[in-house]
Amino acid sequence: MSSSAAPKQTPETNSEAVPMKDLVALCKRRGFVFPASDIYGGLNGFWDFGPLGVELKNNLRDLWWKSMVITPPIGPDGEPLSIVGIDSAIIQNPKAWVASGHVGGFSDPMVDCRETKLRYRADHVVVYQGDKAWVAMMEGEETDDVQKRLKKLGLPQDISAYKIVALPDVDVAEYGKIIGPDAKETGTLTPPRDFNLMFETRVGALATSDSLAYLRPETAQGIFLNYKNVLDSSRVKMPFGIAQIGKAFRNEVTPRNFIYRSREFEQMEMEWFCHPSEAKMWFEFWIEARRAWWKSVGVSDSSLQIRKHDQDELSHYAKTGEGTVDIEFKFPFTAPGFGELEGIAHRSNFDLTQHQEHSGQKLEYLDQARDNERYMPHVIEPAAGLTRGVLAVLAEAYTIDPSRPSGLYMNFAPHIAPKKAAILPLIAKDGMPEVAQKLYMELREHYAIDLDIKQNIGKRYARQDEIGTPYCFTIDNDTMTDQTVTVRERNTMAQERVSLDNVLPYLQKNLSKK
RNA sequence: GCGGGUGUAGCUCAAUGGUAGAGUUCUAGCCUUCCAAGCUAGCUGUGCGGGUUCGAUCCCCGUCACCCGCUCCA
């Protein structure tokens, strides 16, 4: 076991230095994220987005949609890819979740050890049933380690003398004989408890067993369910993608870390359908495309890493083929480690095959470009967390700067900032508010703009720093005579003068920079 | 789910078994010609529920939420 005297990690980059506590406080203070049902004491695993949080989230969402559906990437052949969008219902026929493997496969029975206070997935535990004792071990343990443990417990080390049984196959009445995987005594394991991660609900006013339904645990299935409808209605040809953004629900055992693991969250998923022989090529294509996208919204290279899943952590739909790769972000609570931001999975033809079998509908593709070959397309799925994306962007932007009055500023990339600019009359008289109002009315047709007239200029700059507004335009006495304003850049606090006519072009120029 | 910690104003924090206070924010007004300046006034609070007590924000029990560790995370 690891030593308790492990050295403390020294913060190296900005996202590591951000104390979560301060970020959460800022989010509440300025209206990015509130606890859900705050006035009732909150609800574990649920969060609300405030006025600025929803702007930020919408910006991220819209940029994803644009990069997928409106202006999809250029493919290897130099032609733009073909991707269409859908918006499917959160509740679908429950048979869909049986086919997808979520009913049954999506609950993980857990056992707790009363002695060691440790918890295990029941299906990861095996029991060595000997004459003298039954010893529980983690599945996949090396023979050496098993023998070491048996020796320690004073038991025979000849493994062939034991019958090896998976814990879920052991009768609960016999749990009293078992020594837990890390325990010294027998009978400390609790019976397996079901953790079904899908939220159940009832369709219709009368609750009967027939009316049981589920809130979707992923948006992806809505895409597979509409695969045939999309093919029949929108003239797409292989390869092509279907994209969807929406809420998903998982009854997480332990919601943690602010909005990182919540029970209601938002996903941005795209299912890319292709010929099986091209799956590997597209898998690599999308990893690169998605990494580039995160960079384009202001997530720095040093905060990101690409990590391939080990075989034993692959989900039920990705056991074969290219597997799964995560794009991970260095969150404040994982640093110096990383946490999942997006998963890119090769789902092979698992889902369509399942739905074809369960629904009885033919879902094979007739490919006229491939000499009328019939095949079940393979699927590459870039599935990003929008909610996690917001958190990553917030953490990335949080910048401590003791030299300025606010003590910090939010360094959002200008094009994702919730407010693009603020219009500030230097003082609230001498005709300045009127000029400010006029400029505000003009600019708000194009961008989310703040108009702030109250209090002294320093306080207003400080407030804009805290909400990450990249540009402040200030109307002063000179404006009244020469029709120019100062523009103050958030990160440098540097000012320059631009003419009133040039404010909109200035914003357009700076907001289109990547 | 287990163990530990925390819960007082929007925020940061004080205090007390007997009418809860400061800074800051916020609001209004004055003032103010570029970075939370100054003056005046004002709003807002003991997470929730029970118990002990003449009286509980404080003591006790429960609960909820958040944080840390474990566990989990298709």
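Protein chains get the first letters and strands the later ones, always in sequence-line order, with residue 1 at the start of each. What you are looking at is a predicted structure, and each value in this text was computed from that prediction instead of being measured.
Rounded to whole Å, the P atom of B:rU19 lies 35 Å from the corresponding atom of B:rA28. Here, B:rU16 and B:rG55 have their C1' atoms 14 Å apart, quoted to the whole Å. Spacing between B:rA14 and B:rG50 at atom C1', rounded to whole Å, works out to 28 Å. The P atoms of B:rA20 and B:rC48 are separated by 15 Å, rounded to the nearest whole Å. Between the C1' atoms of B:rC35 and B:rG18, the separation comes to 48 Å (whole Å). The same atom, C1', is picked in B:rC13 and in B:rU52; the two are 30 Å apart, to the nearest Å. On the C1' atoms, B:rG1 is 31 Å away from B:rU57, given to the nearest whole Å. Separating the C1' atom of B:rA22 from that of B:rC54 is a span of 32 Å, rounded to the nearest Å.
When every heavy atom of A:Ala243 is checked against every heavy atom of A:Trp64, the shortest pair comes out as CB-CH2, 3.7 Å. The shortest heavy-atom contact between A:Arg290 and A:Ile327 is CB-CD1, 3.6 Å. Closest non-hydrogen pair, A:Pro181 versus A:Val125, comes out as CG-CG1, 4.3 Å. Residues A:Gly337 and A:Lys330 share a closest heavy-atom pair of O-CG, 3.4 Å.
Rounded to an integer number of Å, the gap from A:Ile427 CD1 to B:rC34 C1' is 11 Å. One interatomic measurement links the two molecules: CG of A:Asp476 to P of B:rU32, which rounds to 16 Å at whole-angstrom precision. Distance, A:Lys429 NZ to B:rC31 C1': 7 Å, rounded to whole Å. With rounding to whole Å, A:Lys459 atom NZ is found 8 Å from B:rG38 atom P. One atom, CG of A:Asn44, and another, C1' of B:rG1, lie 12 Å apart when rounded to the nearest Å. Between the CZ atom of A:Arg488 and the C1' atom of B:rC34 there is a distance of 10 Å, given to the nearest Å. Distance A:Ile39 CD1 to B:rU44 C1': 15 Å, rounded to the nearest Å. Between A:Ile259 atom CD1 and B:rC66 atom P the separation is 13 Å, expressed in whole Å.
Checked by atom type and distance alone, the side chain of A:Asp401 pairs as donor or acceptor with a backbone atom of A:Ser403 at under 3.5 Å.
The listed nucleotides are B:rA65, B:rA36, B:rC66; the one nearest the side chain of A:Trp47 is B:rC66. Each of B:rC72, B:rU32, B:rC34 was ranked by its minimum atom distance to the side chain of A:Thr254; first place goes to B:rC72. Residue A:Arg30 places its side chain closer to B:rA36 than to any other of B:rC70, B:rA36, B:rC34.
Remark: A:Asn456 is not in phosphate contact with B:rA36, judged by side-chain N or O atoms under 4.0 Å from OP1 or OP2. Of the side-chain N and O atoms in A:Asn257, one or more sit less than 4.0 angstrom from OP1 or OP2 of B:rC68.
Here A:Tyr40 lies out of heavy-atom contact (under 4.0 Å) with every strand. Residue A:Arg263 is out of contact with every strand shown, counting any heavy-atom pair closer than 4.0 Å. Residue contacts for A:Glu466: at a heavy-atom cut-off of 4.0 Å it reaches a base atom on one of the strands shown.
For B:rG18, the paired base is B:rC54 (Watson-Crick or G-U wobble, both distances below 3.5 Å). Pairing for B:rC70 goes to B:rG1, judged as Watson-Crick or G-U wobble with the two contacts each under 3.5 Å. Across all strands shown, B:rA41 pairs with B:rU27; the Watson-Crick or G-U wobble distances both stay below 3.5 Å.
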What nitrogen or oxygen pairs link the protein and nucleotides 5-12 of chain B at under 3.5 Å?
none

Between the protein and nucleotides 27-29 of chain B, which nitrogen or oxygen pairs come in under 3.5 angstrom?
unit_1, atom_1, unit_2, atom_2, d
B:rG29, OP2, A:Lys454, NZ, 2.8

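Two residues, A:Gly458 and A:Tyr260, neighbour RNA chain B, and the one matched to the more 5' nucleotide by heavy-atom proximity is A:Gly458. For A:Phe46 and A:Arg497, each mapped to the nucleotide of RNA chain B holding its nearest heavy atom, the one lying further toward the 5' end belongs to A:Arg497.
Looking at A:Lys459 and A:Glu466, no side-chain N of the basic residue comes within less than 4.0 Å of a carboxylate O on the acidic one, giving no salt bridge. One finds no salt bridge joining A:Arg490 and A:Asp465 here, because no Lys/Arg side-chain nitrogen approaches an Asp/Glu carboxylate oxygen to under 4.0 Å. Electrostatic pairing of A:Arg460 and A:Asp450 does not count as a salt bridge here, judged by no charged N lying under 4.0 Å from a carboxylate O.
Residue pairs meeting the side chain to side chain donor-acceptor pair (under 3.5 Å) criterion with at least one partner in residues 35-53 of chain A, sequence neighbours excluded, are A:Lys28-A:Asp38.
For A:Phe333 and A:Phe331, the distance between ring centers is under 6.0 angstrom. With ring centers used as reference points, A:Phe32 lies 6.0 Å or more from A:Phe49.
Partner of A:Gln221 under the side-chain hydrogen bond (donor to acceptor under 3.5 Å, both in side chains) criterion, chosen from A:Glu269, A:Gln92, A:Gln354, A:His355: A:His355.
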